[in-house]
Amino acid sequence: MNDNNTAMIDKYRNSFLREVEDNVEQGEWVKMCMQCGVCSGSCPFGPHWEHPPQELFMMIRAGKRDAVLGTESMWMCTSCYNCVVRCPREIPITHIMHGLANYAHRLGLAPKVNPTRRFAKIFWDNISKNGRVNETSLSIKLYFMDGYSAGVKRAVEMANTGLGMFRTKRLNPLALISYKGIENPKQLQSMLKKAREIEGRRKGYPG
Amino acid sequence: MTDAVPTNETILVVGAGISGVTAALEAAECGKDVVLVEKSPSVGGRVAQLYKYFPKMCRPLCGQEINQRRMDASRRLRLYTMAEIESVTGEAGNYDVSIRIRPRYVNENCTACGACADAVEAEIKNPHNLNLNAVKAAYIPYSMSYPQRYVLDPSIIGTDDAQKAKEACQYGAIELDMEEATVEIKAGAIIWATGWNPYDAAKIQPYGYDRYDNVITSLELERMMDPSGPTGGRILRPSDNREARSIAFIQCAGSRDQNHLSHCSRICCMASLKQSTYISEKYSIDSDATTTIYYIDIRTIDRLEDFQKRVQADEKVRFIKSKVANITEDRISGDVVLHGVNTEGYQRYDNQHDLAVLAIGMEPSVRAGAVGSGIAGDKSGFIQADANNGAIFGAGCAANALDVNRAVQSATAAALRAIQVVNGVAATEAGS
Ligand SMILES: Cc1cc2nc3c(=O)[nH]c(=O)nc-3n(C[C@H](O)[C@H](O)[C@H](O)COP(=O)(O)OP(=O)(O)OC[C@H]3O[C@@H](n4cnc5c(N)ncnc54)[C@H](O)[C@@H]3O)c2cc1C
């Protein structure tokens with residue numbers, strides 16, 4: 001277990017709802033849920049969720065910390081916003097799903113092999129490095145995220161698409177060697193670092 | 001009925017539904033002069049459209065008859081139908097009110113014999129039946145209309161039909177040159193009892209009221225159940241006129257929803273429970289007809305809970321704890337398919353029914369802001385009691401989403417407040 005998680009358990013002993021309110025984006029809305037179920041019924045991924053949103057909200061209020069933070073459920077959210085437009089209490093459900101996923105990831109509790117989590121991480125590392133997405137290295141990282149042979153197989157499958165993108169100048173192989181990105185990526189990185197510090201201080205993350 | 005000239009000791013009541021009629025009668029029977037103004041051609045309001053009343057399951061027409069007799073007997077009550085308030089000026093104890101009266105084209109000589117309706121050919125949509133069927137353009141709103149007097153629809157004025165109606169009348173009751181009139185009165189206090197309208201179901205996009213024939217509102221079901229209603233008391237699917245056997249109720253259709261009405265309309269749970277008994281009554285015990293009620297939570301207060309218990313004991317009525325996510329239509333059968341998640345156990349469902357009834361929410365028919373500038377209203381537009389309202393008092397569903405029992409209580413309370421104001425006026429005038 002990482003330090004963040006231990007610190008949070010100490011700080012919020014027995015009140016997982018409080019913990020969510022303080023640390024999860026839009027978490028203060030969780031208490032507003034009246035358990036009507038319209039979000040769960042409206043989700044296009046509904047049948048594939050272990051716990052649909054209104055169940056997650058109830059679990060948060062029931063203090064089921066490990067079950068909530070360790071589930072794959074909120075990682076399923078595709079941001080279609082069906083639930084948000086139908087929620088009779090105007091709860092920003094989509095944002096809470098992403099907030100929960102992000103929080104679980106920070107605490108090191110998110111499921112390790114979850115593809116959404118891994119893609120998000122690859123994407124974030126990529127964009128924060130140059131300030132702009134390097135599509136070529138992003139695709140390659142993504143293809144090879146399950147190892148070398150799986151990557152080759154996927155690349156062969158997608159060869160025609162890749163060639164098409166190359167011909168229409170949507171994919172530049174040279175970007176693998178040098179990619180320019182924004183003018184001064186260092187500045188962006190120090191801004192991101194500062195933002196993290198401020199957030200960490202506010203939420204009480206250790207160091 | 002009276003011919004007394006209204007003074008500032010008069011109480012004006014706007015809207016003659018159960019609340020307005022109650023407030024007017026209570027005040028008149030306490031010896032106050034009352035002017036009652038009703039927009040439609042008859043008193044009665046929404047309850048006249050109900051087949052039966054919960055909790056006693058009696059016919060509303062019966063209570064209406066009692067009130068009509070009280071009105072006949074009241075020397076101090078003056079009624080204007082087809083009338084609306086044009087303007088109100090002044091302050092508590094001293095209002096000047098202007099009332100605009102639309103022409104009815106039929107005078108007091110009318111005996112409600114119906115000869116004019118027989119003579120007229122044109123038809124109009126029947127507002128009493130929520131436009132589900134048509135009536136002749138010379139009509140009486142419903143069997144128990146008060147006053148018992150026909151109306152000519154303005155669309156036929158100047159046509160042959162109007163002439164035919166006039167010629168058919170043996171009593172000289174038809175006056176084709178009747179014009180709009182304005183009456184100015186004084187009043188000391190005003191009771192605003194303009195009631196409610198069903199929320200516009202078409203705005204609840206996922207339920208497809210505007211797209212699917214077999215999605216109807218609870219108020220439309222009330223009209224269907226009435227033996228003198230548009231379907232002669234049968235629950236017929238609009239798509240194919242087949243008798244509906246599997247009927248779904250969707251609770252909180254528009255209510256308790258920030259996208260629509262943020263308030264709980266309070267009566268819809270009881271209304272659906274009541275309507276489920278209509279279905280058991282229509283189709284005998286051994287038939288396969290079923291009712292399914294989809295709900296967030298069932299709200300029946302006080303002794304109304306006994307009613308809920310009774311319905312819950314009925315095996316033909318199923319309860320599913322779920323706000324339905326959306327409705328689709330089965331193109332071939334015209335059936336409605338309800339989609340959602342049963343929150344007791346989190347099972348998904350895609351349930352097919354013959355007919356879906358939206359337990360539609362109530363909104364005030366005149367919002368507080370439209371009653372007069374500065375009249376206090378809540379977020380939904382219901383009139384709130386407020387010292388700055390002067391002597392304008394909300395009553396019944398103009399003030400809150402209420403059942404008849406509570407609407408009548410609210411009306412009596414408003415009558416008492418109005419009486420106190422005009423008593424104050426009388427005391428000042430006696431002293432001066
Ligand atoms: C489906 C359904 C079923 C129901 N069943 C029951 C039941 O079984 N038992 C029960 O207790 N309650 C029931 N109710 C609730 C009941 O309908 C209300 O409690 C009742 O109608 C309230 O009466 P009201 O006089 O306040 O309003 P209304 O009945 O709406 O009367 C208002 C009157 O004011 C008039 N008016 C409107 N605007 C103006 C204006 N600008 N100027 C002049 N006049 C105007 C209208 O024409 C009308 O005559 C049901 C409601 C629904 C939706």
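A note on names: the letters A, B, ... follow the listed sequences, proteins ahead of strands, and every chain is numbered from 1. What you see is a predicted model; the values in this text were computed from it and never measured.
- The contact between A:Met34 and chain B is made by backbone and side chain atoms together, counting heavy-atom distances below 4.5 Å.
- Every residue two or more places apart in sequence or in another chain was checked for a ring pair (Phe, Tyr, Trp, His ring centres under 6.0 Å) with B:Phe307, and none qualifies.
- For B:Thr300, the side-chain hydrogen bond (donor to acceptor under 3.5 Å, both in side chains) partners at least two apart in sequence or on another chain are B:Gln308.
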Between chain A and chain B, which donor-acceptor pairs sit under 3.5 Å apart?
residue: B:Gln258; atom: N; partner: A:Pro88; partner atom: O; Å: 2.7
residue: B:Asn259; atom: ND2; partner: A:Val85; partner atom: O; Å: 3.4
residue: B:Asn259; atom: ND2; partner: A:Cys87; partner atom: O; Å: 3.2
residue: B:Lys323; atom: N; partner: A:Cys36; partner atom: O; Å: 2.8
residue: B:Ala325; atom: O; partner: A:Arg86; partner atom: NH1; Å: 3.4
residue: B:Arg348; atom: NH2; partner: A:Ser40; partner atom: O; Å: 2.4

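- Under the side-chain hydrogen bond (donor to acceptor under 3.5 Å, both in side chains) criterion, B:Thr217 pairs with no residue, sequence neighbours left out.
- Only the backbone of A:Cys87 comes within less than 4.5 Å of a heavy atom in chain B; its side chain stays farther off.
- More than 12 heavy atoms of other shown residues, nucleotides or ligands fall within 6.0 angstrom of atom CE in A:Met165.
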